[in-house]
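Remarks on the structure that follows.
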Amino acid sequence: MLRLPKFEMAEPDTLDEAVSLLAKHGDRAMPIAGGTDLVPNMKHELFTPELVVSLAGIAELHGIEQAGDGSLILGAMTPLDELARDERVLRGAPALAQAASLVAGPQLRRMGTLGGNVMLDTRCQWYNQTHFWRQSLGYCLKKDGTECHVVAGGRKCVAAASNDSAPALMSLGATLSFQGPDGTREVPIDDLWKSDGIYNKKVSGEILTHARIPAPGPGHRGAYGKLRDRGSIDFPLLGVAVRLDLGSDDVVTDADLVVVALQARPVRVRKVAETFRGLEIQGPAFREALDEVCTLASKQCRPLANIPGDHEYRHAMVPVYTRRTFLAACEQGGPVHHV
Ligand SMILES: Cc1cc2nc3c(=O)[nH]c(=O)nc-3n(C[C@H](O)[C@H](O)[C@H](O)COP(=O)(O)OP(=O)(O)OC[C@H]3O[C@@H](n4cnc5c(N)ncnc54)[C@H](O)[C@@H]3O)c2cc1C
Ligand code: SF4
């Protein structure tokens, strides 16, 4: 049985208290939300904080609100299960509701939060292992070692962003708010991740307080597609978030496609909006454009041998999931996945 290393736990009631605890203890402290990722990672000794600061008791981090301008404000401590069922999210941000509904399994979605999902550590089959296993291999660049086992001679970590909410939030143009010792900071979600998968480079004691999604237009359509081994629980082998904004007569005015589980950050496929813009979604030209978009996705998304699942198979599934997810968005259907 894997045991947790020893640590102290703090349960502050206010954001200010949590921020000062994290500032005071620096790298020796970490925030915990639902704990569904941090706790296994601590058991694997990927993180060994001396102090764990629970965000559960901070009221202002909980809940979903709709602002007067129609934008959605999603508290970082909102459980994924709540996000997946909320009528306002289902209507205004269907790709996000669908992505949340496909994270892990039901128990983990009740414990796991939006904030923990956004701030999820990147994953790799050479890293998400026990200490004994990693030690036998000589560790790796991301933790305790000097070499990458995915890219021989690689100078940066290419572990995969594996958080289902991330591409959905990117496709929706979300902005994230953080509170830290120097005050609050707003970050467009596209700027959150770097191309290096070493987690601690991007956190530095700040707490994600909420995500804001701009109000969708009346013709907003979105969907999420997820490939995974076991439809009931697994992390994505590939996650595809799509957005279509339609004007009058169902003509595309804007579109987006963001893919996750490839590399250290979610990847936006280029030239998607240009390819679809001006086309009516029921017409033959849209179907031809969809073929083109699938080819663009296949060229721009190159899965690496970083997570389980054959990377050539994952690559072959990129156009398949791109097509299915765009068609689901057109039909305002549910999420694309197998069970
Ligand atoms: C069997 C299994 C299957 C899983 N499958 C999936 C899956 O399919 N898709 C998926 O996306 N995830 C999956 N997960 C991972 C995890 O359950 C979810 O990502 C969940 O949303 C994490 O949220 P949490 O609140 O539990 O985060 P925690 O574990 O509490 O925290 C995760 C990380 O985020 C940091 N953090 C948390 N909240 C904040 C905040 N507000 N500000 C700053 N930092 C913060 C923590 O310090 C920690 O580093 C799976 C986990 C397990 C065990
Ligand atoms: S991508 Fe390389 S450095 Fe990163 S976790 Fe995997 S083996 Fe380690």
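Atoms within each ligand, like the ligands themselves, are counted from 1 in listed order.
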From D164, T113, T209, L83 - option closest to atom 9 (N) of ligand 1 by heavy atom: D164
From A261, A166, G35, A104 - option closest to atom 4 (C) of ligand 1 by heavy atom: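 Checking each option, the heavy atom nearest atom 4 (C) of ligand 1 is found in A104.
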Against heavy atoms of [X], which atoms of ligand 1 measure under 4.0 Å?
{"X": "L120", "result": "15 (C), 19 (O)"}
{"X": "G34", "result": "24 (P), 25 (O), 26 (O), 30 (O)"}
{"X": "K226", "result": "7 (C), 8 (O), 9 (N)"}
{"X": "L80", "result": "21 (O)"}
{"X": "A76", "result": "41 (N)"}

Metal check, atom 6 (Fe) of ligand 2 vs C157 N/O/S, cut-off below 2.8 Å: no
Close approach, A159 and ligand 2, non-hydrogen under 4.0 angstrom: yes
Test item, N306 contacting ligand 2 (heavy atom, 4.0 angstrom): no
Proximity flag M77 to ligand 1, non-hydrogen atoms under 4.0 Å: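 Contact check M77 vs ligand 1: negative.
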Worked check of side chain to side chain contact (heavy atoms under 4.5 Å, CB included) between R155 and L141: CA-CA 8 Å; R155 305 288 296 272; L141 195 59; 5.8 Å; no
Main-chain N/O of W193 paired to R265 side chain as donor or acceptor, under 3.5 Å: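 Such a contact is found between R265 side chain and W193 backbone.
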Donor-acceptor side-chain pairing of D16 and T14 below 3.5 angstrom: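 Result is no, nothing qualifies.
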Geometric class of the H131/Y139 ring pair [parallel <30°, tilted 30-60°, perpendicular >60°]: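 The rings of Y139 and H131 sit tilted, inter-plane angle from 30° to 60°.
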Region of C148 engaging ligand 2 - heavy atom pairs below 4.0 Å: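 It is both backbone and side chain that touch ligand 2.
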Positive for salt bridge (Lys or Arg N to Asp or Glu O under 4.0 Å) with D256, one of R268, R270, K271: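 Passing option: R268.
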Electrostatic pair D81-R85, nearest N-O below 4.0 angstrom: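 Between R85 and D81 there is a salt bridge, with a charged N closer than 4.0 Å to a carboxylate O.
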Salt bridge flag under 4.0 Å for residues D164 and R109: no
